[in-house]
Number of protein chains: 2
Amino acid sequence: MLYLIGLGLSHEKDITVRGLETVKKCKRVYLEAYTSILMAADKSSLESFYGREVILADRELVESGSDTILENAQEDDVAFLVVGDVFGATTHTDLVIRARELNIKVEAIHNASVMNAVGACGLQLYTFGQTVSIVFFTENWRPDSFYDKVMENRRIGLHTLLLLDIKVKEPNINELMKGRVVYEPPRYMSVATCCQQLLEIEEKRQEGAYTPATPCVAVSRLGSPTQTFKAATLKELAEYDAGEPLHSVVMLGRQVHELELDYLLEFADDKDAFKEAVTQDQKFFAKN
Amino acid sequence: MLYLIGLGLSHEKDITVRGLETVKKCKRVYLEAYTSILMAADKSSLESFYGREVILADRELVESGSDTILENAQEDDVAFLVVGDVFGATTHTDLVIRARELNIKVEAIHNASVMNAVGACGLQLYTFGQTVSIVFFTENWRPDSFYDKVMENRRIGLHTLLLLDIKVKEPNINELMKGRVVYEPPRYMSVATCCQQLLEIEEKRQEGAYTPATPCVAVSRLGSPTQTFKAATLKELAEYDAGEPLHSVVMLGRQVHELELDYLLEFADDKDAFKEAVTQDQKFFAKN
């Protein structure tokens, strides 16, 4: 049996009781370690909590070496641990399809992920549109396909969750060209970088998907003891220091109910200014 | 301190380890018992698992009697348990705002909810639009505001999660008029009822938000041992027996990737017919 087990967002103890019991009985335990990280735990703290060896599964192992992960899982119980919930990333769907082909039974043990826990900022999950990923811009690669999606969401009044890039275990390109594999230190996109990139693309596209005055919420370390929200305009968040990773951003849509606004104001430095930004933004696309 | 604790979807053991430790130390433990139910647990099984009395919190207590729940929570630890994750329903946001006003600290312990666990059907969470609620039609009340939302989602190619009505502890109207409070037996909307209501509204509105041939996924008992998915057209699901509650429905959008389709075909009775329905549906709104 292959068990896909969500670990939740932060602590070792964010695993469910059923998830923990399952990990303890599995023969091999893999931790998917490249699409996200647990903020308050690492390999060794998980190992001591589970009483089991934990094998880190990098992108290469999951995407090309899935047969290693699935080896003899027709007979043995294998756990594949995923930060957040188990179906956040396409690669995990792929692993399930591969398991099915090998006649391996699969069971998912779900957990919280940013996709539902973001409701803690006070915005109703019902009025979120499609989720977008913001990747690190490089000198030559500044992809802006997210812009159309944000536009689509905001045209119909919906909030947008922006998931920020993380780079773990990325090989250094210069070293790679010399035939050596040397990994870069991990990088986690900050709220400020994300908002700067958004402003750059609006400046370039000028189609008015949003403006520097569009209200947003910075989400820092969601589900961890130091979780923080900051409600401010996009321009303000482009200069905001959100502290340690992981970060996300929510861009508001026009559909902001009074209760949502009440809740958000708690996170605004200047409540009147934020309220005014929301009022102004509600006129945006109001005719669509 | 007020702890809002998500219980996940089905078993007692779907609570997180941190959630369980917190419940065990709380002075009072409330279970929100009107927006959803735990499929494989009840008050008494939770009480024996927690070693704590569990107080059922109905709509009246949560919405009008929040001061009872929050009594002395400045000093005492109080747990408020919610099926799924904690911020699924507006009423819980309201409780947090009330706690803040009373200077009570609040901590959320998150868990899986249908909003993220629905990824188990194989459709990518990134391409879901706004979520809609489908309520039981009555003779005189057949609300169709969901229709515009589904239209908005499908115009931009997004999937729609439809959450189905549940009625627990609803007073019988006839008895109420006689001055007696008698509760109706609980009712949970089925996949078939939902799809019949959708067909009725399309028939009435004729605006083409969807057709009887639109591909959908029936989601039964998500996260429970008897979890089942069925991929079929809306018309087929209007006659599908999805078994015991709880049910949800996903209506597909145009943006179906090959990997998503591969995954879904596993749940189709007639794979070729379902594939063809998806192909046809992808032409729908393709010009927008």
Side-chain angles (χ1 to χ4, degrees), chain A residues 6 8-9 11-21 49 84-88 90 93-94 96-97 100 108-122 124-133 149 152-153 155-158 163 222-223 225 227 255 257 259-260 262-263 266, chain B residues 6 8-9 11-21 49 84-88 90 93-94 96-97 100 107-122 124-133 149 152-153 155-158 163 222-223 227 255 257 259-260 262-263 266:
Chain A
L9 295 162
H11 309 72
E12 296 94 1
K13 292 183 177 175
D14 284 341
I15 194 170
T16 65
V17 174
R18 190 156 69 94
L20 181 60
E21 287 179 357
F49 184 60
D85 194 24
V86 293
F87 291 105
T90 325
T93 313
D94 225 3
V96 175
I97 291 178
R100 278 183 188 165
I109 299 179
H110 293 284
N111 211 320
S113 63
V114 58
M115 310 288 275
N116 68 343
V118 72
C121 78
Q124 294 302 313
L125 292 174
Y126 281 60
T127 38
F128 277 73
Q130 58 199 319
T131 303
V132 305
S133 294
K149 294 181 182 181
E152 287 173 339
N153 285 343
R155 270 210 182 113
I156 55 177
L158 303 178
L163 298 179
L222 183 67
Q227 164 183 297
Q255 296 186 36
H257 297 280
L259 192 68
E260 293 180 283
D262 270 6
Y263 202 98
E266 183 78 10
Chain B
L9 296 162
H11 308 73
E12 295 94 1
K13 292 182 176 176
D14 285 341
I15 193 170
T16 65
V17 174
R18 191 156 69 92
L20 181 60
E21 287 178 358
F49 184 59
D85 195 23
V86 293
F87 290 106
T90 325
T93 314
D94 226 4
V96 175
I97 291 178
R100 278 182 188 164
E107 187 174 324
I109 299 180
H110 293 283
N111 211 319
S113 63
V114 58
M115 309 288 276
N116 68 344
V118 72
C121 78
Q124 295 302 313
L125 292 174
Y126 281 59
T127 38
F128 277 73
Q130 59 199 320
T131 302
V132 305
S133 295
K149 295 181 183 181
E152 287 174 339
N153 285 343
R155 270 210 181 114
I156 56 177
L158 303 178
L163 298 179
L222 183 67
Q227 164 183 297
Q255 297 186 36
H257 297 278
L259 191 69
E260 293 179 284
D262 272 4
Y263 203 99
E266 184 77 10

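In what follows, chains carry the letters A, B, and so on, assigned in the order in which the sequence lines appear, proteins first and then strands, with residues in each chain numbered from 1.
Ile109(B) does not touch chain A: none of its heavy atoms, backbone or side chain, sits under 4.5 Å away. Residue Leu125(B) touches chain A through both its backbone and its side chain, counting heavy-atom pairs closer than 4.5 Å. Interface residue Glu21(B): only side-chain heavy atoms are found under 4.5 Å from chain A. Gln255(B) touches chain A through its side chain: at least one heavy atom from C-beta onward sits under 4.5 Å away, while N, CA, C and O do not. With a threshold of 4.5 angstrom between heavy atoms, Phe128(B) approaches chain A through N, CA, C or O but not through any side-chain atom. With a threshold of 4.5 angstrom between heavy atoms, Leu259(B) approaches chain A through its backbone and through its side chain.
Taking chain A as the reference chain and counting heavy-atom pairs below 4.5 Å, the highest number among Val96(B), Thr127(B), Leu20(B) is found for Val96(B). Considering only heavy-atom pairs separated by less than 4.5 Å from chain A, the leading option among Gly84(B), Gly223(B), Ser113(B) is Ser113(B). The residue among Ser133(B), Ala117(B), Gly129(B), Gly119(B) with the most heavy atom pairs within less than 4.5 Å of chain A is Ala117(B). The candidate from Gly122(B), Gly8(B), Ala120(B) with the greatest count of non-hydrogen atom pairs under 4.5 Å with chain A is Ala120(B). With respect to chain A, the highest number of heavy-atom pairs below 4.5 Å among Glu107(B), Arg100(B), Glu260(B), Gln130(B) belongs to Arg100(B).
A side-chain donor-acceptor contact under 3.5 Å links Asn116(B) to the backbone of Asn111(A).
Atom CG of residue Asn153(B) and atom CD of residue Glu152(A) lie 11.0 Å apart, to the nearest 0.5 angstrom. For the atom pair NZ of Lys149(A) and CG of Leu158(B), the computed distance is 9.0 Å after rounding to the nearest 0.5 Å. To the nearest 0.5 Å, atoms CD1 (Ile97(B)) and CD (Glu266(A)) are separated by 9.0 Å. Atom NE2 of His110(A) is separated from atom CG of Leu222(B) by 5.5 Å, given to the nearest 0.5 angstrom.
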Assess the residue pair Val17(A) and Glu12(B) against the criterion (side-chain contact (heavy atoms from CB on, under 4.5 Å)); give the C-alpha distance rounded to whole Å, side-chain angles, the decisive distance to 0.1 Å, and a yes or no. CA-CA 9 Å; Val17(A) 174; Glu12(B) 295 94 1; over 6 Å; no

